[in-house]
Amino acid sequence: MDSMQHDAERLERMSGMLKRRGVILPAFEIHGGAKGLYDFGPVGGRLRNRVNQTWINHWLSLGNIVELSCPTVTPYAVLEASGHVGEFSDFMTVCGQCEEASRADTLLEDAHSNPDALTLGELQDLLDSAQPCCPNCQTIDWSPITAQNLMFNTTIGAGSSGRPGFLRPETAQGMFTSFPALLRHNRDRLPFGAIQVGKGYRNEISPRQGMIRLREFNMAELEYFFNPHVDQNHDFSQWSNTKMELIPDGQDTIKLSITEALEANIVRHSTVGYFMAQTYDFLLKVGIDPERLRFRQHEADEMAHYASDCWDAEILGSYGWIECVGIAHRGCYDLEAHEKATGKTLRARREFEEPKVVEIDGWTIDGATAGPVFRALAGAVKKAVESLDAQTAFPLSLTLPTGEEIEVKAEHVKRVQRTETITGEWYIPHVVEPAFGIDRIIWHILDHAYDERAKDGENYTILRLSEHVAPVDYCVFPLFEKDGMGQLARDIHKTLCASRGIVSVYDSSGSIGRRYARADEIGVPKCITVDHQSLEDQTVTVRDRNSGEQKRVHINDLV
RNA sequence: GCGGAUAUGGUGAAGUGGUAUCAUAGGAGGUUUCCAACCUUUUGUCGUGGGUUCAACUCCCGCUAUCCGCACCA
């Protein structure tokens, strides 16, 4: 059997198991289902939560990270400022002959140097004049251009007072717009990070490949704000022996430690490198196989225009190499964009090592005399006078930018001479953003954990989940439900359930082997069995999922 | 969005113009001294809307969803 066939059959069996055991299910199935929307079932919901929590804990442990939660409903203006309204729109036109839909800017690439930047009206004019032929059938018969936005539209508020909005396409913008509160919370000290786990929405034209491209998805993003003028001094020592697989822009795969990659300038920024290494650790923690993990650098033309370096973590699974994390150096792009749109200050203060002493010597107008004389022109005159050299002599004839000729007399101006000490400046922090596609990561966790082995000629399935993310921690079985074994097992189960953060499942039906099999299939790490000996000495057997080995443990030592 | 294929218990499959079979799974009871054993019993299905017909799961049309290409996209 060729391996493609083998993989397809494995994928089919795995999907069946995920459905049957309530891990991943098509959403709204009794109503016929909905494309690009999935449920995490009773087992999957728990798994997703554990992945999220592991992610949150991973970053909180850095010490300067805060978690926040912003709305998914987002006003139009926010996403216009961030560039999403422009970036996430495609201008489509349909061929009247073959009905093939094409992007207008792609059709007009020969007719314009940068059609991507044009507005709908400009594109329409250009399409009418350039008359490109259909790449599919070569005819020229285009429908009017329509804007197709990949964001879900909504209206915030009712009736005529409602204003336009979108469901957010990423969680990041809320963290940028809350920057003033974040800075205050961190008492004006950088660097710091903000994390958010939540839903994002993109109205994909064609969701495909199961959980890989969804219309509503779980994302987890970190925005790390830092001062670009100072060295971040990241400590890379814990990764000195960790070789990561890297694909630099336009080059072949190499294996390097993150320090080596930075020294060779393959990874161009130390903070990007630092988050690549942290991301590597996180992915291994939740059970991604390091042999099926690599980092790929964005090519220059693929990179968003604001990013100076961008790496994707790609994971190999049933659908090939899939981008699951994007780590981008976004510079000051986002904060600056929101500053421009709102006029608010989204900056941090940095103090100079040495205060700068500036001698100011020049002129300004004397409002009491110049005001009445120049009236409406006074503002322009002030500006002109303040740009004059300290040696200027008055009276003086000046031509204003507006063309007026005026005469400035000595009594209209006064000399300004003072010494200012500037101790620092306001700057826009730079941002490195690791953005995680949680659904894609969960898919690959399951894919890497799903293990089928032949047992007595049949497939036996074990989900080898990491203990960090296993949906159920313990299964408790009485060997037989009699002689008090059932009661003791139920007591143990209750105690476990009452323990913080522990999920236990009690199961007494079927043979003991069947129960182990059920537990293995959803990746329960430990099974506890109460047998006859338990009744005498209060010990139980604890079976390890991966090795099948059993240890006798006193029930007081279980947790 | 285009083209092709598909849609039957929870899961995987067979089948027919007269409402359906098998495997597996689930529940209850029994049996069993630890890895899907066995016995009894029970639960549950033709994606959706319309048409043809005395009668449609079966034939026809639309819709939705799934899979594979192309296109699109992070």
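Just so it is clear, the values below take in all heavy atoms, side chains as well, and ignore hydrogens, waters and symmetry mates. A quick note: this is a predicted structure, and the numbers were derived from the prediction, not measured. In what follows, chains are A, B, ... by sequence order, proteins preceding strands, each numbered from 1.
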**Q.** Whole-angstrom distance between B/rA28 and B/rA65, as gauged at atom C1'
**A.** 36 Å

Q) Is the Lys NZ or Arg CZ of A/Arg294 less than 6.0 Å from the centre of A/Trp321's six-membered ring, within 45° of the axis? A) yes

Q: Write down the distance separating the P atoms in B/rG15 and B/rC59, rounded off to the nearest Å.
A: 13 Å

Q | Ion pair check, A/Arg490 and A/Glu481, cut-off under 4.0 Å | A | yes

Q. Does a salt bridge link A/Arg296 with A/Glu323, judged by any charged N lying under 4.0 Å from a carboxylate O?
A. no

Q. Is the NZ or CZ atom of A/Arg515 positioned over A/Phe477's six-membered ring, under 6.0 angstrom from the centre and within 45° of the axis?
A. yes

Q) Are any non-hydrogen side-chain atoms of A/Leu214 and A/Tyr201 less than 4.5 angstrom apart? A) no

Q) Do A/Ile24 and A/Asp39 have side chains that get closer than 4.5 Å, going by heavy atoms? A) no

(Q) Strictly below 4.0 Å, N to O, side chains only: are A/Lys19 and A/Glu29 in salt-bridge contact? (A) yes

(Q) Do A/Arg202 and A/Phe152 form a cation-pi contact, if we require the NZ or CZ to be under 6.0 Å from the six-membered ring centre and within 45 degrees of the ring's axis? (A) no

Q) With a non-hydrogen cut-off below 4.0 angstrom, is A/Gly326 in contact with a base, only sugar-phosphate, or nothing? A) nothing

Q: Mark yes or no for a side-chain to base donor-acceptor pair under 3.5 Å between A/Arg543 and B/rC34, with no hydrogen or angle criteria applied.
A: no

Q.
Could you check whether A/Trp59 and A/Tyr224 have their ring centres less than 6.0 Å apart?
A. no

Q) Which whole number of Å gives the distance between the P atom of B/rA7 and that of B/rU58? A) 12 Å

**Q.** Spacing of A/Arg545 atom CZ relative to B/rA36 atom P, expressed in whole Å
**A.** 18 Å

Q) Do the side-chain N and O atoms of A/His58 and A/Asp281 include a donor-acceptor pair separated by under 3.5 angstrom? A) no

Q. Think A/Lys285 forms a cation-pi with A/Phe282, using NZ or CZ under 6.0 Å from the six-ring centre and within 45 degrees of its axis?
A. no

Q) Is any NZ, NE, NH1 or NH2 atom of the basic residue among A/Asp473 and A/Lys526 found under 4.0 Å from an Asp or Glu carboxylate oxygen of the other? A) no

**Q.** Nearest-Å distance for atom pair CD/P, residues A/Glu221 and B/rA74
**A.** 14 Å

Q) Of the candidate nucleotides B/rU33, B/rA74, B/rG27, which contains the atom at the shortest distance from the side chain of A/Ser509? A) B/rG27

Q: Check whether any side-chain heavy atom of A/Ile195 lies under 4.5 Å from a side-chain heavy atom of A/Trp55, and answer yes or no.
A: yes

Q. Which residues within residues 433-446 of chain A lie with some heavy atom under 4.0 Å of an atom in RNA chain B?
A. none

Q: Tell me which of A/Phe480 and A/Ile30 sits closer to the 5' end of RNA chain B, going by the nucleotide each one is nearest to.
A: A/Phe480

Q) Has A/Lys494 got more than 12 heavy atoms of other residues, nucleotides or ligands less than 6.0 Å from its NZ? A) no

Q: Would you mind reading off the distance between A/His532 atom NE2 and B/rU33 atom P, rounded to a whole angstrom?
A: 7 Å

Q | Closest to the A/Glu521 side chain, choosing from B/rU33, B/rA36, B/rC35 | A | B/rA36

Q. Looking at side-chain heavy atoms only, is the closest gap between A/Asp447 and A/Tyr319 below 4.5 Å?
A. no

Identify the pairs formed between an N or O of the protein and an N or O of nucleotides 60-67 of chain B at a distance under 3.5 Å, and give each distance.
unit_1, atom_1, unit_2, atom_2, d
B/rU64, O2', A/Gly32, O, 3.2
B/rA65, OP1, A/Lys35, N, 3.4
B/rA65, O4', A/Gly32, O, 3.3
B/rC67, OP1, A/Gly210, N, 3.4

Q: Before giving the answer on side chain to side chain donor-acceptor pair (under 3.5 Å), spell out for A/Thr539 and A/His554 the whole-Å C-alpha distance, their side-chain angles and the decisive distance to 0.1 Å.
A: CA-CA 4 Å; A/Thr539 64; A/His554 196 274; over 6 Å; no

**Q.** Between C1' of B/rA37 and NZ of A/Lys455, the distance in whole Å
**A.** 12 Å

Q. Checking all strands, does A/Phe477 fall into the base, sugar-phosphate, or nothing category for heavy-atom contacts under 4.0 angstrom?
A. nothing

Q.
Among A/Arg545, A/Arg543, A/Arg464, which residue satisfies the side-chain hydrogen bond (donor to acceptor under 3.5 Å, both in side chains) criterion with A/Asp520?
A. A/Arg543

Q | Gap between atoms CD1 and P, on A/Ile322 and B/rA74 respectively (whole Å) | A | 15 Å

Listed pairs, N/O of protein and of nucleotides 5-15 of chain B, under 3.5 Å:
none

Q. Tell me: NZ of A/Lys551 to C1' of B/rC34, nearest whole Å?
A. 17 Å

Q) Is a side-chain donor-acceptor pair under 3.5 Å present for A/Gln173 with A/His338? A) yes

Q. Expressed in whole Å, how much space separates the C1' atoms belonging to B/rG47 and B/rU43?
A. 22 Å

Q. Between A/Thr74 and A/Arg168, do the side chains contain an N or O donor and an N or O acceptor separated by less than 3.5 Å?
A. no

Q: Pick the C1' atom in B/rG29 and in B/rC34, then give their distance to the nearest Å.
A: 22 Å

Q. Less than 4.0 Å between a side-chain N and a carboxylate O, is that true for A/Arg13 and A/Glu452?
A. yes

Q) Where along residues 511-520 of chain A does a heavy atom come under 4.0 Å from RNA chain B, residue by residue in number order? A) A/Ser511, A/Ile512, A/Gly513, A/Arg514, A/Tyr516, A/Ala517, A/Arg518

Q) Given the C1' atoms of B/rA23 and B/rG9, what is the spacing between them in whole Å? A) 12 Å

Q: In whole angstrom, give me the gap between the P atoms of B/rG69 and B/rG27.
A: 39 Å

Q. If you measure from the P atom in B/rC46 to the same atom in B/rU21, how many Å do you get, rounded?
A. 14 Å

Q | A/Ile522 CD1 to B/rG26 P, straight-line distance once rounded to whole Å | A | 12 Å

Q) Looking at the side chain of A/Tyr460, which of B/rC35, B/rA74, B/rC34 is the nearest nucleotide? A) B/rC35

Atom pairs under 3.5 Å: protein N/O with N/O of nucleotides 40-45 of chain B:
none

Q. In terms of side-chain geometry, is the basic nitrogen of A/Arg10 or A/Asp451 positioned less than 4.0 Å from the acidic oxygen of its partner?
A. no

Q: Would you write the dot-bracket representation of RNA chain B, where each base gets (, ), [, ], | or . depending on whether it forms a Watson-Crick or G-U pair under 3.5 Å and with which partner?
A: (((((((..((((....[..))))((((((.......))))))...(((((..]....))))))))))))....

Q | Protein-nucleotide distance (A/Met485, atom CE; B/rU33, atom C1'), rounded to Å | A | 8 Å

Q.
So A/Thr541, base contact, sugar-phosphate only, or nothing? Heavy-atom distance under 4.0 Å.
A. base

